[in-house]
Amino acid sequence: MNRSVEQRLLDLYVANVDIVGEGFSVGLNSQRREYIEAFNLAGIPDRKDERYGLSDLRTLFDSREWEHYFTPVQLSALGGESLPSSRYRIEVNNGFCTETELCRLENGVVYGSLRTALQEEVDSARLHYNTVADNKGASLTALNSAFMQDGSFVYVPEGVELDEPILVFHRYGAGAEDVMGFGRTLLVFGAGCRARVQLIHAGDHGEGVDDRGSYLADYVREICVGEGADVHLSEVSDFSGNCHLLLESYVSQETRSRCEIHTVDLGEGTARLDYTTDLTGREAESYLYGLYLHGERERCDVGVTVNHLVPECRSYEMVKGVASGEATGSFTGRVYVAQDAQHTDAFQQSRNLLLSPEAHIYTRPQLEIYADDVKCSHGATVGQLDAEAIYYMRQRGIGEDEARRLQLHGFVNDVISHCCCESFCDWMTARAERKIATI
Amino acid sequence: MEDQNQILNNITEQEYKYGFVTDIETDTIPRGLNEEIVRLISAKKEEPEWMTEYRLKAYAHWKTLPMPSWAHLDIPEIDYQDIIYYAAPRTTPKYNSLDEVDPELLATFEKLGIPLEERMALAGVAVDAVMDSVSVKTTFKDTLSELGIVFCSMSEAVRDYPDLVRKYLGSVVPYTDNFFAALNAAVFSDGSFCYIPKGVRCPMELSTYFRINAAGTGQFERTLIVADEGAYVSYLEGCTAPRRDENQLHAAVVEIVVMKDAEVKYSTVQNWYPGDKDGKGGIYNFVTKRGICRGENARLSWTQVETGSAITWKYPSCILAGDNSVGEFYSVALTNNFQQADTGTKMIHLGKNTRSRIVSKGISAGRSQNSYRGLVKVGRKAEGARNYSQCDSLLIGDRCGAHTFPYLEVENKSAVVEHEATTSKISEDQLFYCNQRGLSTEDAVALIVGGYAREVLNKLPMEFAIEAQKLLSVSLEGTVG
């Protein structure tokens, strides 16, 4: 382990450059070289970088000799777990799509493997790939762009109204070794379309999980929302303790588009979820509802950045966190209002519950405003369950545990109840309830 | 042609008149910073050995530190070897009478409502008695010493009360704290020391208002206030004289120790020269201010009105170590033209049932950038800690920026921490309403801003509040229309 993480990753890339780039266009492959160099230059963000000050990524990267599989592996099914039903479905194992063929619906909707979409030169994939995530200066995104081999892809053409949500199911798992992977998702929504997407990140819950190595996912997602499109995303991450998810999600929204994201993190490992939204067209609306529930030694860092680049846009974020046991939760939000982005309406909220003496909450909601005719505000609270409410319930014959559970249920329900369809909402509630019972 | 030369001459002369104070002082001590300079400063102040050692240790540490760059500020590179670190108080008067003073300067004083004697003192006119702090203090020295209160300059304190100074100096802001604290510890020129003994309520407001002005280009002051058990003091710091100086570094350190049941109120009205309309010149105000509530039921309150300085970078903080101690921070920060400010507070809750309250009002106009940055930290053992923060920003004009960077770090489950922030502009309706009633738009803006800042201004001692209110109107001049 004498070499630095950056050097090891660079060596890994150089040694496998042919396998990584196999089948991709010359243009895309030539970019990879630039990205690995950009990553090498920037390095793994360390704690001096304020945005990453709370998540010790270097230690995470350094803690193990992470292997990387350049080919798909077979993972066992979720142990006895039923997934929400869905007609349109993509399954991704360790960053590789299980189906190589793309599904093409009659109305023009295309979904399936990102690799196939890029290699078959599907226009919507080729033209949008790496347009939103590029130039963000995030070294983990550059690392992903260098190693990206596959992932999921969805294209909803102009004016199409998708009747049912598309389910993208990500599963992560390792064998005997510790493994890292670089999955990627590209979602392209044409002008005036309406669509719902559900994303699940789950660990491999099969037999003998405890004996297995850890999994580290550097996962990047790009979402392009066309003019007047209405998009609704619901996301759940639910891992076993040996999985670590580093997610960077980028959204670009055009004029009068609407994008709503629900994200719930119930995982047992380390999660770092970064959401960046660029509002590039007037009257675009962005909503983000986040929730993390953590106990034991779990940790979750949520970063939300909304860039108001043009006038008359609206953004709303609400991130709720519960930390129990020895868990640590953090929220870093930033609303940026560019000069002349007048009539911006932005609101950001961070609400947190601390349930145990060893748990920690850090929250940093920030505003950066360069225009004067705007309405921007944010709020943050850290507190505990309301003792009076619990007392009230106990007076009425409800046990203390049940009273606590009810109150937590109310706290998390704000986020879960907004998610994109009822069946998914029920599924999410059941999972959240199970998690609440453990913390 | 001759006229032109005349004008040129006038202009150059004018610049000479205001900007070259430091030139006179170059004779006193050479430019630059090294161990010799630190020793020289210490020798000039006739300090004991331990003080010199302290300075040298601080200097050695400072050398190892890089200039911090995390603030939301655009700071031109500062050449630390091009600064004169010790400027002796001016002995030669700058003007002989008020007639020679720039009329614009006088007009500003008029608006500020500063009485004539003070006005002459502030303009650097040779008036005795009021001009420097010594005479002011001697007026009350009897009253104060009867009560056992020590209020003197830091050099006097080092000489007369070495035990007190040794015990408390650097106990709240150690020289290892940050870049500017280390620099200050190495080269501080003077400052004030204040000790209120057990159970004494200081009968009057103590102020550093005059002394800073008399010290001329006093760039590195150090203030140390100790309130012993059950004591009370209200302390004022005023830098309300517009100085016509080049870019100048002002890196002061203020330390406050509040013992059991004691209370300290520290109020600042800061109006260093902010630079001209094009952002040329002005003071870099990089100050470390921190107080510690050592004992139970101690209270510390910071109130600041910041309207001056080209760049303001400071976070008056409270360490709430004693149980049931209370920290408060009230701030109005106004930036205009090309001014920049990154200011706020830190509330560190360590004791049980500690409470803190933060009210910050930012006002940005012109092309200025105004940031609030505040930390609320609740330590593991701070049972029942409570904090409420409110940060409002007001934008005047579409080329300025207002930013809010709060940091909430909670490690105790019984803590309740709340933060709220809003950003808004003066509404057309409000202005229209005032215009209808015969107020000019400029007056209307001043009125609205005054109302907006009232919550903070109310916390200032009376005479300061009036001055601060006027200062806000003066600083806003030219922002409308």
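Contact annotation for Q369(B): only side-chain heavy atoms (C-beta onward) come within less than 4.5 Å of a heavy atom of chain A. Proximity to chain B involves both the backbone and the side chain of E368(A), based on heavy atoms less than 4.5 angstrom apart. Residue N412(B) touches chain A through its backbone alone, counting heavy-atom pairs closer than 4.5 Å. Proximity to chain A (any heavy atom under 4.5 Å) is restricted, for A415(B), to the backbone atoms N, CA, C and O. For S427(B), no part sits under 4.5 Å from any heavy atom of chain A, backbone or side chain. Using a 4.5 Å cut-off between heavy atoms, Q342(A) contacts chain B through its side chain alone, with no backbone atom that close.
When all heavy atoms of Y372(B) and S360(B) are compared, the pair lying nearest together is CD1-OG, 3.4 Å. Shortest non-hydrogen contact noted between G344(B) and F329(B) is O-CZ, 3.4 Å.
Each of A402(B), S393(B), G401(B) has some count of heavy-atom pairs under 4.5 Å with chain A, and the biggest count is that of A402(B). If you tally non-hydrogen atom pairs under 4.5 Å between each of S424(B), S414(B), S371(B), S364(B) and chain A, the highest count goes to S414(B). Interface check for chain A: of the options R399(B), E383(B), Q390(B), the most heavy-atom pairs under 4.5 Å are formed by R399(B). Counting heavy-atom pairs closer than 4.5 Å to chain B, the top residue among G379(A), P365(A), G383(A), G333(A) is P365(A). Per-residue heavy-atom pair counts under 4.5 Å with chain A were compared for V376(B), V410(B), V416(B), and the maximum is reached by V410(B).
In this structure, K314(B) is not positioned above the aromatic face of F286(B) in the sense of NZ or CZ being under 6.0 Å from the six-membered ring centre and within 45° of the axis. Taking the centre and axis of the six-membered ring of Y292(A), the NZ or CZ atom of K320(A) falls outside the cone set by 45° and 6.0 Å.
Inter-residue side-chain proximity for Y250(A) and T141(A) is flagged as met; some heavy-atom pair is nearer than 4.5 Å. Inter-residue side-chain proximity for L431(B) and I448(B) is flagged as met; some heavy-atom pair is nearer than 4.5 Å. Contact of the L353(A) side chain with the L408(A) side chain is registered, since non-hydrogen atoms from C-beta on lie closer than 4.5 Å.
To the nearest 0.5 angstrom, R334(A) atom CZ is 4.5 Å from Q366(A) atom CD.
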